[in-house]
*Asks:* 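Below is one structure. I have some questions about it.
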Amino acid sequence: MDTSTPSHSLSSEYDFIVIGGGTAGLVVAARLVEDPNVQVLVVEAGDDHSNDPRVTIPAMWPSLSGSELDWKLVSTPQENLKGRTLKLPQGRALGGSSAINSEVFIPPSAATIDAWGKMGNSGWDWSTLAPYYRKSHTLILPDKDTCKHLGLDWVDRQVQGSSGPIQVSFVGVVQDPLSNAWVDTFKTLGHNVTRDPFSGKAMGGYSNPSSVDPRSKSRSYAVSAYIVPVRKQSNLHVVTNTIVKRLVLETTNTGVNARGVDVIYQGKPISVTARKEVILAAGVFQSPKLLELSGIGDPGFLNSLGIPVVIGNSGVGENLQDHLMTGISFEVKDGIVTGDPLLRQEQAAIQAAMQMYTDHKAGPFCAGGIGSHAFMPVVDIPSEDGQKAQEFLFKKYHPKEPHQPFYSFIRSLLEDPNEGSGALLMFLAQLNLHNDPDAKSYLQDLQVGNFLSLGALQTHSFSRGSVHIASADATDAPKIDSRYLFHPLDIEIYARHLLFLERLAQTQPLASFLKPGGRRNHPTAHIKDLDEAKDYIRTTAISASHHSGTCAMMPREKGGVVNERLLVHGTMNLRVVDASIMPLIPRGNLQTTVYAVAERAADIIKTDHHLRM
Ligand SMILES: Cc1cc2nc3c(=O)[nH]c(=O)nc-3n(C[C@H](O)[C@H](O)[C@H](O)COP(=O)(O)OP(=O)(O)OC[C@H]3O[C@@H](n4cnc5c(N)ncnc54)[C@H](O)[C@@H]3O)c2cc1C
């Protein structure tokens, strides 16, 4: 895509240059061009796939990881995952990761966002960010029968968005008994959802929404929601297949001035000037990469690569956080319909599903990834024995620096039974999470039969990883060491959530759908105790693709990279607005928070430049 300018060529100057036409970048660009007096350039490395059915059809997301829409980044071998190298998908397309994600639309807890403020970010807490969650989306409820089937009596219109660009709906249907069984099973366990998750205070199991437009039954994402409505405006110029190689920085008496960017445009290197600001939205791995390539980072490290230091800040690329994810696939009883034939790419199933989708906008292609979700504490923690066990673990594994600054926040979240440390989910097909580095995607090596998968994620880990450039060459992939499970408390907590999946599978009514003695996804997927749970996690867990934190919003002396106005410390006009600014990872999936932060970033920038709001 190349919008706006008749000549289709880049101008030499714009007011704002947004690096990365991904989730956050497109939100900020679309909001800035609401002021007709500013000229905005968005530079995106990937292509425009907004007419690609793999992007628009909600159920096709598994085919995108590992495709040309993915940067295909990998972790270093992970010591605590038996030396495995994990694939870390990131969208390389207009819309970024919002073009390839699995559309789950889940808010964080208020306590996590309040913790951002307590980490030194004045003006950031749940009360100030919550309006931006609402601003970014519109929730559309299904008909009465479907609402009843999915147990949607918790929906609170006051906390949900009603006029925002991202269209949000529930993908469960009355024909599918399992989504109803999920809700009822949590009721059996006394863990049904306590209130609307968008209140920031919910716990328990519920039917979660997805970023799927219920009218067109298509993915609602940064392109369709934010850019399509403004793409013809003459003050917006979006270029795709164009890579930013470096920021052009100038040191002045009052701080570092971001003058523009060096890009490769149509195969040629050129520089473009920003009259007001450069806005980094290249994502959690590439925003810190561009800072380091441009001389903002740890001085010793930059010197070792021959990069002149512009601003010394050893926090750049540190504080990497993610959610690990694993699960167990259980064979279902004969006659229960699941998505397995589609995942196995059986031609008859694909043709039938495609026909239902194109003719009636119905059937399995309408559903995104996950429609059944739960926020849970470690279930035995509220008991007296559980309390003792938790206290013992906290004493035994009290962390040493550098984890100390986050420890008390995370510990307080874990100790609060209204917060929890685990997210559980149900996926109506088998999941092949035993992904060796050569495996293509979730679609490889799937077995015959029909399954449902129960998954568990650890929401707040004590471990922190890092991402740094591998060389001064902008085309080299960064070196990503997620350091999963580096802190020993993490596996203790995560194993308890995984073990709970076995109990969930034995609880009615979910249990009645599973084949007694049925197959599972892996010979070791029968978890009887904590040791087996730990081993299974180390063997199978993969990234949930929720990376965050590598340009953290925090004071510089605490390891921060941007301040509370999202300006890179030491600069006057260089901001970061994407998932990398989150100092503490949200407990759920990330996209709601990326949209909310970007909406707020746009307001901050407009205020600072006196633009039309
Ligand atoms: C496979 C997958 C599944 C996910 N599932 C979910 C889910 O179901 N629910 C949920 O809430 N979250 C999910 N997420 C997470 C969520 O989508 C991301 O956290 C979020 O989209 C990140 O937004 P961002 O703006 O930080 O980065 P991105 O959206 O990734 O945007 C960064 C953009 O910058 C571009 N770029 C990078 N470097 C350069 C350069 N040098 N020059 C020009 N352009 C550049 C990239 O191509 C990309 O378009 C998933 C993520 C992935 C990858």
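Because the structure is predicted, anything quoted here is derived from the model rather than measured. Atoms within each ligand, like the ligands themselves, are counted from 1 in listed order. Computation of the quantities below employed the complete heavy-atom set of this structure, encompassing side-chain atoms and omitting hydrogens, waters and symmetry-equivalent molecules.
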*Asks:* In ligand 1, which numbered atoms sit nearer than 4.0 Å to a non-hydrogen atom of A579?
*Replies:* 26 (O)
*Asks:* Heavy-atom pairs closer than 4.0 Å: do any link ligand 1 to the side chain of A281, the backbone, both, or neither?
*Replies:*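 It is the backbone that gets close, since no side chain atom is under 4.0 Å.
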*Asks:* Between V104 and ligand 1, is there a nitrogen or oxygen pair with a distance under 3.5 Å?
*Replies:*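 Between V104 and ligand 1, an N or O pair is found under 3.5 Å apart.
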*Asks:* Going by distance only, is there an N or O of H546 that falls short of 3.5 Å from an N or O of ligand 1?
*Replies:* no
*Asks:* Testing Y595, F198, Y132 one by one against H137 for a ring pair (Phe, Tyr, Trp, His ring centres under 6.0 Å), which residue passes?
*Replies:*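 In the set Y595, F198, Y132, the residue that makes a ring pair (Phe, Tyr, Trp, His ring centres under 6.0 Å) with H137 is F198.
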*Asks:* Below a 4.0 angstrom heavy-atom separation, can you tell me which part of Q591, side chain or backbone, both or neither, approaches ligand 1?
*Replies:*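 It is both parts that get close, each with some atom under 4.0 Å.
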*Asks:* With heavy-atom distances below 4.0 Å as the criterion, list the atoms of ligand 1 near P89.
*Replies:*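 Contacts of ligand 1 toward P89, numbered from 1: 53 (C).
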*Asks:* Heavy atoms only: which of T23, V261, V28 is nearest to atom 22 (C) of ligand 1?
*Replies:*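 Selected option, by shortest heavy-atom distance: T23.
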*Asks:* With atoms numbered from 1 as shown, which atoms in ligand 1 lie under 4.0 angstrom from a non-hydrogen atom of A45?
*Replies:*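 Once the distances to A45 are compared, the set is 43 (C), 44 (N), 45 (C).
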*Asks:* Taking NZ in K479 as the centre, count heavy atoms belonging to other residues, nucleotides or ligands within less than 6.0 Å. Is the count above 12?
*Replies:* no
*Asks:* With a 4.0 Å cut-off on N to O distance, would you call K606 and E34 a salt bridge?
*Replies:*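 Yes, this pair counts.
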*Asks:* With heavy atoms of S65 as the reference, note each atom of ligand 1 found under 4.0 Å away.
*Replies:* 1 (C)
*Asks:* Could you go step by step and tell me if L454 and W182 meet the side-chain contact (heavy atoms from CB on, under 4.5 Å) rule?
*Replies:* CA-CA 10 Å; L454 300 179; W182 173 267; 3.8 Å; yes
*Asks:* For atom 8 (O) of ligand 1, which of the options S102, A474, G20, G66 provides the nearest non-hydrogen atom?
*Replies:*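 Of the listed residues, S102 has the closest heavy atom.
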*Asks:* Could you see which bit of V594 sits under 4.0 Å from ligand 1, with heavy atoms only: side chain, backbone, both or neither?
*Replies:*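 The answer is the side chain.
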*Asks:* Checking S466 against D481: is there a side-chain donor and acceptor pair closer than 3.5 Å?
*Replies:*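 Short answer, no.
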*Asks:* Below 4.5 Å, heavy atoms only, C-beta onward: do V244 and D262 meet side chain to side chain?
*Replies:*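 Result no, sub-4.5 Å side-chain heavy-atom pair not found.
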*Asks:* Distance alone, cut at 3.5 Å: any donor-acceptor contact between the side chains of T56 and S218?
*Replies:*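 Per modelled atom types, T56 and S218 side chains form no pair under 3.5 Å.
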*Asks:* Just say parallel, tilted or perpendicular for the rings of F427 and W61, cut-offs at 30° and 60°.
*Replies:* perpendicular
*Asks:* Inspect the surroundings of CG in N51 and state if more than 12 heavy atoms from other residues, nucleotides or ligands are less than 6.0 Å away.
*Replies:*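 Atom CG in N51 is not packed in, count stays at 12 or less.
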*Asks:* What atoms of ligand 1 come closer than 4.0 angstrom to any heavy atom of S98?
*Replies:*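 Per the distance check, 21 (O).
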*Asks:* Classify the contact between E103 and ligand 1 as side chain, backbone, both or neither, using a heavy-atom distance cut-off of under 4.0 Å.
*Replies:* backbone
*Asks:* Have a look at W71, Y221, F105 and point out the one with the heavy atom closest to atom 36 (N) of ligand 1.
*Replies:*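 Comparing heavy atoms across W71, Y221, F105, the nearest one to atom 36 (N) of ligand 1 lies in W71.
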*Asks:* Give the numbers and elements of all ligand 1 atoms closer than 4.0 Å to a heavy atom of G22.
*Replies:* 29 (O), 31 (O), 33 (C), 49 (O)
*Asks:* Any idea which atoms of ligand 1 are less than 4.0 Å away from a heavy-atom of R92?
*Replies:* 47 (O)
*Asks:* Less than 4.0 Å is my threshold; does some heavy atom of T242 fall inside it relative to ligand 1?
*Replies:* yes
*Asks:* Applying a strict 4.0 Å limit to heavy atoms, is V284 in contact with ligand 1?
*Replies:*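 No; V284 lies far enough from ligand 1 that no heavy-atom distance drops under 4.0 Å.
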*Asks:* At under 4.0 Å between heavy atoms, which part of A93 makes contact with ligand 1: side chain, backbone, both or neither?
*Replies:* backbone
*Asks:* With a 6.0 Å cut-off (strictly less than), is the heavy-atom count around CZ of R54, excluding the residue itself, greater than 12?
*Replies:*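 Atom CZ in R54 is packed in, count exceeds 12.
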*Asks:* Give the atoms of ligand 1, by number and element, whose distance to some non-hydrogen atom of A24 is under 4.0 Å.
*Replies:* 25 (O)
*Asks:* Do NZ/NE/NH1/NH2 and the carboxylate oxygens of R231 and D48 come within less than 4.0 Å?
*Replies:*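 Salt bridge between R231 and D48, a charged N being under 4.0 Å from a carboxylate O: yes.
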*Asks:* Under 3.5 Å, is there a donor on one side chain and an acceptor on the other for S372 and S179?
*Replies:*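 No, S179 and S372 have no side-chain donor paired with an acceptor closer than 3.5 Å.
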